[in-house]
Amino acid sequence: MSHVPEVASGTEPLRILSPDGEPVGDPDVGLAGDDLRSLLRWMVLARRLDRECIALQRQGELTVYPGFEGQEAAQVGSAWALAREDFVWPTFRELAAALVRGVDAVQYLQYHRGTWHGGPYDPRATRFGPICIPIATQLPHAVGYALGQQLDGTDVVTLTYFGDGSTSEGDFHEAANLAGVWSLPLVLFCQNNGWAISVPTAEQTAGQLWRRAEGYGFPGVRVDGNDVLAVYAATREAVARARRGEGPTLIEAMTYRIGAHSTADDAGRYRDEADVDAARRNDPIQRYRTWLLSARLVDEAFVSSCEAEAEAFAMDVRAGVIATPAPPVEWMFDWLYAAPAPTFERHRDEALG
Ligand SMILES: Cc1ncc(C[n+]2csc(CCOP(=O)(O)OP(=O)(O)O)c2C)c(N)n1
Ligand SMILES: [Mg+2]
């Protein structure tokens, strides 16, 4: 069995649209017009909300927020390839994927407002796991979940997101190894956005990430992460393999983090503005919109309606975030210990004053 799927047999990433929106592959990825338009709509909504979140943090309404501008195609295209019952294990940077999965943005952002501790939305109902800050720890969770699905004999596919930096953690290797050994129905989706905070990918990884899959005995594929059609096609193929019982796939989506690592970071201290300008010219939304317009799948009126909807959406989420009350403080202490220690009791009493 070849460990390299047909979609990408070289190191050149799978690409369907060139950065200026010209087809270089077959744009017929099996999506109807409404689906193709939805991909644009979600990317526009996600970007507008992402920018609003940064404003909210600057205004003191969120504590800290990790932006994803530039990564919309990687997230929307991959999330779109999942079926409703499939399950996602995210990092802390997948708000765009969360929106596509139907997670309520106001609930999600309670995490970044600091009014809840990681489970503000219902992971079972949304099929979207909790926001995960400890790097790569969601990968073993995803493996465990996928193993459970395999043992239960369901046809649920599990997809886990992680960054390029996360692949340097032991958790990545342990998870990938077991996924291969047990041939789990799992998609390992790496957003290679070029940086792990201030460390560029090349300074922590000598090889190519997608090629690591072969060592674990399953296919790896490198895809242009700013090409939403290519991301969708690669993920759909990986999901289909997993559902057929053929095991995991590692996808490396090449993209770029336009903003800082988070609102607590000053990227100007470690990277060159010229690189960021070049990345801005490789914008995933612009690329896809150009193609949709030239293929007459959308017109300018549709593009404007997406932008108007995104504006209203961002304002609604802003109002909702500010209006949602914090949960009762005592919840922070409930359900932690069957037999609380005296220091814990003291902290609780102090907090509840
Ligand atoms: C176990 C652990 N170590 C360190 C950190 C601090 N940290 C937060 S994000 C990050 C870099 C992650 O890089 P990558 O996986 O590429 O994701 P990206 O932030 O680029 O989306 C680090 C080191 C952490 N959250 N958890
Ligand atoms: Mg990264």
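The shown structure was predicted, so the numbers you read here are calculated from the model rather than taken from an experiment. We count ligands from 1, going down the list as the structure has it; atoms in each ligand are counted the same way.
At the shortest separation from atom 12 (C) of ligand 1 among protein heavy atoms lies Ile135 CD1, 3.6 Å. Scanning the protein heavy atoms around atom 25 (N) of ligand 1, the nearest turns out to be Ile133 O, 3.0 Å. In this structure, the protein non-hydrogen atom closest to atom 17 (O) of ligand 1 is Gly163 CA, 3.8 Å. Counting only heavy atoms of the protein, atom 3 (N) of ligand 1 lies nearest to Glu169 OE2, 4.1 Å.
In this model, a donor atom of one side chain and an acceptor atom of the other lie less than 3.5 Å apart for Arg211 and Gln208. Remark: the Arg241 side chain and the Thr249 side chain contain an N/O donor-acceptor pair separated by less than 3.5 Å. Looking only at atom types and distance, the side chain of Tyr270 has a donor-acceptor partner in the side chain of Asp265 under 3.5 Å away. Using a 3.5 Å distance cut-off with no hydrogens or angles, the side chains of Glu94 and Gln191 do pair a donor with an acceptor.
Remark: ligand 1 atoms within the under-4.0 Å shell around heavy atoms of Ala196 are 11 (C), 13 (O), 16 (O). Of all the atoms in ligand 1, the ones that sit under 4.0 Å from a non-hydrogen atom of Pro134 are 26 (N). Atoms of ligand 1 lying under 4.0 Å from any heavy atom of Trp195, numbered from 1 in the order shown and given with element: 16 (O), 20 (O). Within the listing of ligand 1, atoms 18 (P), 19 (O), 21 (O) sit less than 4.0 angstrom from a heavy atom of Arg93.
At a cut-off of 2.8 Å, Ser166 is not counted among the residues with an N, O or S atom near the Mg ion (ligand 2). Among the backbone and side-chain atoms of Gly163, none of the N, O or S atoms lies under 2.8 Å from the Mg ion (ligand 2).
Aromatic ring orientation, Tyr108 versus Phe128: tilted (interplanar angle from 30° to 60°). Aromatic ring pairs are classed by plane angle as parallel below 30°, tilted from 30° to 60° and perpendicular above 60°; the pair Phe344 and Phe333 is perpendicular.
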### Task
Decide ring-ring contact (aromatic ring centres under 6.0 Å, His included) for Phe162 and Phe189; before the verdict, give the C-alpha distance in whole Å, the side-chain angles of both, and the deciding distance to 0.1 Å.
CA-CA 6 Å; Phe162 49 97; Phe189 193 97; 8.2 Å; no

### Message
Assess the residue pair Gln59 and Arg318 against the criterion (side-chain hydrogen bond (donor to acceptor under 3.5 Å, both in side chains)); give the C-alpha distance rounded to whole Å, side-chain angles, the decisive distance to 0.1 Å, and a yes or no.
### Response
CA-CA 11 Å; Gln59 293 157 3; Arg318 157 180 281 273; 2.6 Å; yes

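With a 4.0 Å cut-off on non-hydrogen atoms, His261 touches ligand 1 through its side chain and not its backbone.
Under a 3.5 Å cut-off, the side chain of Gln71 and the backbone N or O of Asn226 do not form any donor-acceptor pair.
With atom 11 (C) of ligand 1 as the reference point, the heavy atom nearest to it among Ile197, Thr91, Asn193 is part of Ile197. Checking Ala264, Ser166, Gly165 against atom 16 (O) of ligand 1, the nearest heavy atom belongs to Gly165.
Ligand 1 lies out of reach of Phe68, whose nearest heavy atom is not under 4.0 Å from it.
Tested against Asn192 for a side chain to side chain donor-acceptor pair (under 3.5 Å), the candidates Thr201, Thr205, Thr255 yield a single pass: Thr201.
Looking only at N/O/S atoms, Asp164 comes nearest to the Mg ion (ligand 2) through OD1.
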